[in-house]
Amino acid sequence: MNNSNRPLDVVILAAGQGTRMRSALPKVLHPVGGRPMVAWAVKAAQELGARSVVVVTGHGAPQVEAALAGTGVTFARQARQQGTGDAFLSGAEALPHTGDADILVLYGDTPLLRPGTLREMLADHQARGSAFTILTGELPDATGYGRIIRDDAGNVTRIVEQKGATDAEKAVREFNSGVYVMDARAPELARQIVPNSVTGEYYLTDLLALYHAAGAAAHAFKLTDIDEVMGANDRTGLAEAEAILRRRINTGHMRAGVTFINPDTNSIEDTVTLGRDVMVEPGVILRGNTQVADGVTLGAYSVITDSVLETGVAIKAHSVLEGAVVGAGSDVGPFARLRPGSVLGTGVHIGNFVETKNARLSDGVKAGHLAYLGDVTVGAETNIGAGTIIANFDGVNKHQTSVGAGVFIGSNSTLIAPRTVGDAAFIAAGSAIHDDIPEGALAIARGKQRTMEGWSRRYWGGMREKVGQKLPWLAEWLERQ
């Protein structure tokens, strides 16, 4: 939280087009770590306890504003792309309060900046009594960046852009990240920025000279990890940012007691929680509000979204879970799919190529393979044979089926919903169940088998020439009859 006596307002600059992305999607909406880049800046601002957050939009403004709707931010549109100074002023003038707050400037395309770093920067700004604090970093070669020029006392005197720097200034390794904390005079001073004589744009860096002219000192707060201010300007930048964020998140989980066999292959969003002694095999993807309890095994190449996995669950390879709850000690997969509304009790077994949707399976239910269980409740210890289908859709409406406890459903059975099957009932293999089944009853719903002796010889015998050309093995069989 912001612990200063002064409130904090945040302006996020997100109006740029980002032509190097070569995309119809505005640059700041390209996702990193499961959320749009601009949403990371919003998240950081809110974790700092910002009183107001204004996002400055321009290119693709309707899309950006729709993506951030409901996050509690307000918007200011930059009518024309006239530089960072103009964009900042558009945002500052949209702040609901003026004159009493520090103002932090962030960007919509720097998703790796940690709230902890910003918190330290704010504390330094306040401790020094600074009017203008610049977040800086050092590179062995800072070519392309604005350089930070300091006086003998360490105060920042100028920001020199690459194209206007002398050879001595180009040798400076400290660069300007573009992230600033300014006192409440910033909007008033920003109105005094004049357009650049060459480009006609208004540059936010010119605020430094205006603060100096007002008799205020400026300082720099230096990053320890320059990756934090890495911007993603094209698709390679997106991939680099994704890799850095992935390593950051996975390292945090490993230090908290999670085992990764090959962490570089795992993608885990920062909204996911993992308990101790979780095993994450290669290729696992975890998204959304997924909660994984202690001792869970996540099999290779599983994709799990917005799901709850209780203690000791085993998710086997290539399984897909969406909005599911899996009870303690249950196992799922391989190659299983649990769709939204799937709730498994304790000790449930879901095998390969089983799909569930809006299904509640009580403790000890077993569905070993090749089944579809949709819109159904299943009682404890019921066994569901291979090929079982709950026919829940009549072409217009979905219908519910209730299966009791201790039921045995034979392989290749179809339950035509809506149906009720009582406890301890038995369904013979190959049955198409279209009536309810009472408790303890046996249901057989299949046509009576007819066996016609000598049929193959009579049928194929009249087509020996064609059979000989297409099915040599059958022709040989006919010759033996």
Side-chain angles (χ1 to χ4, degrees), residues 1-15 28 35 38-57 64-65 68-78 84-108 110-111 113-136 156 176-193 204-208 210-212 214-223 228-229:
M1 296 292 290
N2 173 33
N3 293 320
S4 166
N5 291 328
R6 295 190 302 274
L8 176 69
D9 292 331
V10 178
V11 174
I12 300 172
L13 307 186
V28 298
R35 55 165 60 92
V38 67
W40 285 102
V42 171
K43 180 175 183 286
Q46 291 174 337
E47 288 188 14
L48 291 172
R51 178 181 65 179
S52 299
V53 179
V54 174
V55 178
V56 180
T57 62
V64 176
E65 292 167 10
L68 296 177
T71 61
V73 304
T74 56
F75 301 100
R77 290 197 182 182
Q78 187 183 17
T84 53
D86 178 66
F88 167 72
L89 190 57
S90 298
E93 290 179 339
L95 289 169
H97 310 280
T98 57
D100 64 341
D102 287 326
I103 301 175
L104 171 65
V105 177
L106 299 176
Y107 297 84
T110 53
L113 191 52
R114 291 183 172 97
T117 297
L118 294 171
R119 194 172 290 111
E120 292 173 2
M121 179 186 178
L122 285 167
D124 184 76
H125 173 80
Q126 294 152 9
R128 290 173 181 245
S130 182
F132 188 87
T133 300
I134 307 165
L135 185 65
T136 69
V156 177
N176 170 33
S177 74
V179 175
Y180 311 109
V181 181
M182 301 166 286
D183 68 14
R185 287 174 287 182
E188 177 185 349
L189 293 175
R191 295 185 185 95
Q192 300 175 34
I193 297 175
L204 191 55
T205 50
D206 290 349
L207 267 182
L208 177 60
L210 292 169
Y211 267 102
H212 281 316
H219 301 92
F221 180 81
K222 193 179 294 185
L223 283 162
E228 291 192 47
V229 291

State whether the side chain of [X] and the backbone N or O of [Y] hold a donor-acceptor pair below 3.5 Å, judged by distance alone.
{"X": "Y211", "Y": "A186", "result": "yes"}
{"X": "Q46", "Y": "T71", "result": "yes"}
{"X": "H219", "Y": "G129", "result": "no"}

[atom2] on [Y] to [atom1] on [X], rounded to 0.5 Å:
{"X": "E65", "Y": "T57", "atom1": "CD", "atom2": "OG1", "value": "4.0 Å"}
{"X": "L68", "Y": "R35", "atom1": "CG", "atom2": "CZ", "value": "11.0 Å"}
{"X": "L122", "Y": "S130", "atom1": "CG", "atom2": "OG", "value": "11.0 Å"}
{"X": "K43", "Y": "L48", "atom1": "NZ", "atom2": "CG", "value": "10.5 Å"}
{"X": "Q126", "Y": "M121", "atom1": "CD", "atom2": "CE", "value": "11.0 Å"}

Any side-chain heavy atom of [X] sitting closer than 4.5 Å to one from [Y]?
{"X": "F221", "Y": "L118", "result": "no"}
{"X": "V54", "Y": "V73", "result": "no"}
{"X": "L89", "Y": "L204", "result": "no"}

Looking only at heavy atoms, which two atoms of [X] and [Y] are closest? And how far apart?
{"X": "V11", "Y": "A92", "answer": "CG2-N, 4.1 Å"}
{"X": "A94", "Y": "A76", "answer": "CB-CB, 3.7 Å"}
{"X": "L207", "Y": "M182", "answer": "CD1-SD, 3.4 Å"}
{"X": "V10", "Y": "A50", "answer": "CG2-CB, 3.7 Å"}
{"X": "T136", "Y": "A220", "answer": "CG2-CB, 3.7 Å"}
{"X": "R51", "Y": "P7", "answer": "NH1-CG, 3.5 Å"}

Legend entry - salt_bridge(E47, R119) N-O dist < 4.0 Å: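 Salt bridge: no.
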Legend entry - Cationic N near anionic O, under 4.0 Å, R114 to E120: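 No.
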Legend entry - Candidates I103, I193, V56 - the one meeting side chain to side chain contact (heavy atoms under 4.5 Å, CB included) with F88: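 Running side chain to side chain contact (heavy atoms under 4.5 Å, CB included) over I103, I193, V56 with F88 returns exactly one hit, I103.
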Legend entry - Residue from V181, D9, T133 passing side chain to side chain contact (heavy atoms under 4.5 Å, CB included) with D102: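 The passing option is V181.
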Legend entry - Set of side chain to side chain donor-acceptor pair (under 3.5 Å) partners for D86, sequence neighbours left out: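 With sequence neighbours excluded, D86 shows a side chain to side chain donor-acceptor pair (under 3.5 Å) to Q78, given in chain and number order.
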Legend entry - Residue pair L113, L135: steps toward the side-chain contact (heavy atoms from CB on, under 4.5 Å) verdict: CA-CA 11 Å; L113 191 52; L135 185 65; 3.9 Å; yes
